[in-house]
Amino acid sequence: MNNIILVGMMGSGKSTIGKIVADKLNMKYMDLDQMIEQMQGLTISRIFEMYGEEKFRTLETDLIYKISDVNGAVISTGGGIVLNPVNTIQMKQTGTIFYLEGSLEQLRSNLEGETDHRPMLKANSLDTILRVRSGLYTSTAHHIISINNQTKEAIADQIIAAFQQA
Ligand SMILES: Nc1ncnc2c1ncn2[C@@H]1O[C@H](COP(=O)(O)OP(=O)(O)OP(=O)(O)O)[C@@H](O)[C@H]1O
Ligand SMILES: O=C(O)C1=C[C@@H](O)[C@@H](O)[C@H](O)C1
Ligand SMILES: [Mg+2]
């Protein structure tokens with residue numbers, strides 16, 4: 001399938017940059033977090049509060065399957081998508097996967113003032129989450145794009161260049 005899939009930590013820019021890439025390439029844009037919120041009629045924070053993380057992860061896996069026939073889209077995932085190997089297998093069949101890789105400092109800077117609606121940060125520190133997940137992001141991705149000290153536009157352009165070279 002001819003899709004661009006963005007993975008990476010909270011605050012790495014998957015949603016923001018995904019939209020820029022989609023606009024530039026005239027592709028459809030899909031954000032799995034936003035789709036889950038729309039389908040449930042609840043914010044992600046409320047889903048975590050009412051049903052817990054496990055329920056959210058099930059919704060995420062169900063959605064990845066549901067969209068497996070999509071073509072020509074930029075798909076921004078949730079930060080925890082790589083936690084379940086089933087999701088990874090499915091994503092690899094759905095498109096080219098880009099890991100937006102950033103330092104703890106860059107992620108913290110991006111997330112300044114935005115931690116409220118990210119429920120994982122209530123019980124876990126950003127550095128612990130990064131430590132647990134960085135190997136998973138790296139092994140899942142076809143391309144690794146550094147986000148450190150780069151504008152959103154520049155990151156989007158790198159993704160586009162790598163996608164068009166393939
Ligand atoms: N390269 C960048 N330079 C400066 N700010 C950035 C950059 N990339 C993203 N941001 C900002 O960081 C914040 C988080 O970005 P965004 O919501 O796109 O991250 P995300 O990866 O989708 O996070 P989540 O996994 O929680 O959905 C936003 O305010 C966004 O504008
Ligand atoms: O990193 C995570 O585990 C998460 C990131 C967000 O994109 C959301 O999917 C949710 O807040 C969980
Ligand atoms: Mg996002």
Side-chain angles (χ1 to χ4, degrees), residues 1-102 107 117-124 126 128-145 147 155-156 159-160 162-166:
M1 296 290 183
N2 209 20
N3 298 301
I4 293 176
I5 304 177
L6 304 185
V7 302
M9 285 285 287
M10 275 170 268
S12 59
K14 302 177 295 296
S15 299
T16 318
I17 292 159
K19 182 78 177 69
I20 297 172
V21 171
D23 287 346
K24 282 186 180 232
L25 292 180
N26 207 15
M27 288 168 79
K28 193 161 34 167
Y29 175 66
M30 301 172 89
D31 189 305
L32 301 191
D33 284 338
Q34 284 171 16
M35 289 171 77
I36 290 173
E37 289 185 329
Q38 277 159 16
M39 287 160 74
Q40 298 300 308
L42 293 167
T43 64
I44 288 171
S45 291
R46 281 301 281 160
I47 297 170
F48 269 68
E49 275 166 26
M50 291 172 70
Y51 307 113
E53 181 184 350
E54 212 174 303
K55 171 69 180 172
F56 176 74
R57 299 299 174 204
T58 304
L59 294 170
E60 223 174 14
T61 299
D62 289 349
L63 185 55
I64 279 281
Y65 267 90
K66 219 174 270 175
I67 62 155
S68 58
D69 59 347
V70 164
N71 206 9
V74 179
I75 303 168
S76 299
T77 62
I81 200 81
V82 294
L83 292 172
N84 184 342
V86 165
N87 297 346
T88 302
I89 291 166
Q90 190 56 46
M91 283 193 294
K92 283 188 171 163
Q93 288 169 20
T94 305
T96 307
I97 305 173
F98 292 81
Y99 169 29
L100 302 190
E101 194 253 335
L107 296 169
H117 57 278
R118 286 179 167 93
M120 286 299 290
L121 293 175
K122 292 202 163 82
N124 311 272
L126 199 63
T128 305
I129 299 174
L130 178 59
R131 219 174 310 122
V132 170
R133 292 185 187 166
S134 65
L136 295 173
Y137 292 130
T138 304
S139 60
T140 299
H142 299 106
H143 300 277
I144 299 173
I145 307 285
I147 63 161
I155 297 166
I159 294 169
I160 291 169
F163 182 64
Q164 289 180 332
Q165 248 173 32

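Quick note: numbers below take in every heavy atom, side chains included, and nothing from hydrogens, waters or symmetry partners.
- Between Ser45 and Arg118, the shortest heavy-atom contact is OG-N, 4.5 Å.
- In this structure, the side-chain hydrogen bond (donor to acceptor under 3.5 Å, both in side chains) partners of Glu49, at least two apart in sequence or on a different chain, are Arg46.
- A donor-acceptor contact shorter than 3.5 Å is absent between the side chain of Asn2 and the backbone of Asn71.
- You'll find the side chain of Ile97 stays beyond 4.5 Å of the side chain of His143, heavy atoms only.
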Item checked: Test log, rule side-chain hydrogen bond (donor to acceptor under 3.5 Å, both in side chains), inputs Asn3 and Thr94 -> CA-CA 7 Å; Asn3 298 301; Thr94 305; 5.9 Å; no
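- At a threshold of 4.0 Å, the pair Glu54-Arg57 does not count as salt-bridged, since none of the basic side-chain nitrogens sits closer than that to a carboxylate oxygen.
- In this structure Gln164 satisfies the side-chain contact (heavy atoms from CB on, under 4.5 Å) test together with Leu25, Ile160, sequence neighbours excluded.
- Side-chain atoms of Thr128 do not come within 3.5 Å of backbone N or O of Asn124 as any donor-acceptor pair.
- For Lys122, there are no salt bridge (Lys or Arg N to Asp or Glu O under 4.0 Å) partners at least two apart in sequence or on another chain.
- Contact detail for Pro85 and Leu83: the closest heavy-atom pair is CD-O, 3.5 Å.
- Ile81 is not listed as a side-chain neighbour of Thr61, based on a closest heavy-atom distance of 4.5 Å or more.
- Contact check on Lys19 versus Asp23 returns a salt bridge, with a Lys/Arg side-chain nitrogen under 4.0 Å from an Asp/Glu carboxylate oxygen.
- The minimum heavy-atom distance linking Leu107 with Gly102 is given by the pair CD1-O, 3.8 Å.
- Enclosure of atom NZ in Lys24 by more than 12 non-hydrogen atoms of other residues, nucleotides or ligands within 6.0 angstrom is indicated.
- The closest side-chain heavy-atom distance from Gln90 to Ser68 is below 4.5 Å.
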Check: Between Glu60 and Asn84, does a side chain to side chain contact (heavy atoms under 4.5 Å, CB included) hold up when you go through it step by step?
Finding: CA-CA 10 Å; Glu60 223 174 14; Asn84 184 342; over 6 Å; no
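- Across all non-hydrogen atoms, the minimal contact from Arg133 to Gly79 is NH1-O, 3.1 Å.
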Next item on the list: Test Met27 against Val21 for side chain to side chain contact (heavy atoms under 4.5 Å, CB included), laying out the working first.
Entry: CA-CA 8 Å; Met27 288 168 79; Val21 171; 5.6 Å; no
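- Applying the ring pair (Phe, Tyr, Trp, His ring centres under 6.0 Å) rule to Phe163 yields no partners; only residues at least two apart in sequence or on another chain are considered.
- For the pair Ser139 and Tyr99, the minimum side-chain heavy-atom distance is 4.5 Å or more.
- Remark: the backbone N or O of Ile4 is not paired with any side-chain donor or acceptor of Thr96 at under 3.5 angstrom.
- Between the NZ atom in Lys14 and the CG atom in Asp31 there is a gap of 8.5 Å [rounded to 0.5 Å].
- For the atom pair NE2 of His117 and OG1 of Thr43, the computed distance is 10.0 Å after rounding to the nearest 0.5 Å.
- Side-chain atoms of Met120 and Ile129, non-hydrogen and from C-beta on, do get closer than 4.5 Å to each other.
- If you run side-chain contact (heavy atoms from CB on, under 4.5 Å) between Leu6 and each of Ile159, Thr77, Ile75, only Ile159 comes through.
- Between Val70 and Ala73, the shortest heavy-atom contact is CG1-CB, 3.6 Å.
- Annotation: Asn26, atom CG; neighbour count of heavy atoms from other residues, nucleotides and ligands within 6.0 Å does not exceed 12.
- Listed by first and then second residue, the ring-ring contact (aromatic ring centres under 6.0 Å, His included) pairs that reach into residues 34-74 are Phe48-Phe56, sequence neighbours excluded.
- To the nearest 0.5 Å, atoms CD (Glu101) and CD1 (Ile155) are separated by 11.0 Å.
- Closest of all the heavy-atom pairs between Gly8 and Ser12 is C-OG, 3.7 Å.
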Margin query: Is there a side chain to side chain contact (heavy atoms under 4.5 Å, CB included) between Leu126 and Met9? Walk through the geometry before answering.
Written below: CA-CA 9 Å; Leu126 199 63; Met9 285 285 287; 3.7 Å; yes
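- The list of ring-ring contact (aromatic ring centres under 6.0 Å, His included) pairs with a residue in residues 2-39, not counting sequence neighbours, is empty.
- For the pair Ile145 and Ile17, the minimum side-chain heavy-atom distance is 4.5 Å or more.
- The shortest side-chain heavy-atom distance between Val74 and Met30 does not fall under the 4.5 Å cut-off.
- Of the listed residues (Leu59, Asn87, Leu63), just one forms a side-chain contact (heavy atoms from CB on, under 4.5 Å) with Leu32, and that residue is Leu63.
- A donor-acceptor pair is defined here as one N or O able to donate and one able to accept, closer than 3.5 Å; such a pair exists between the side chain of Glu37 and the backbone of Ile44.
- We find the CG-CD distance between Asp33 and Gln38 to be 11.0 Å, quoted to the nearest 0.5 Å.
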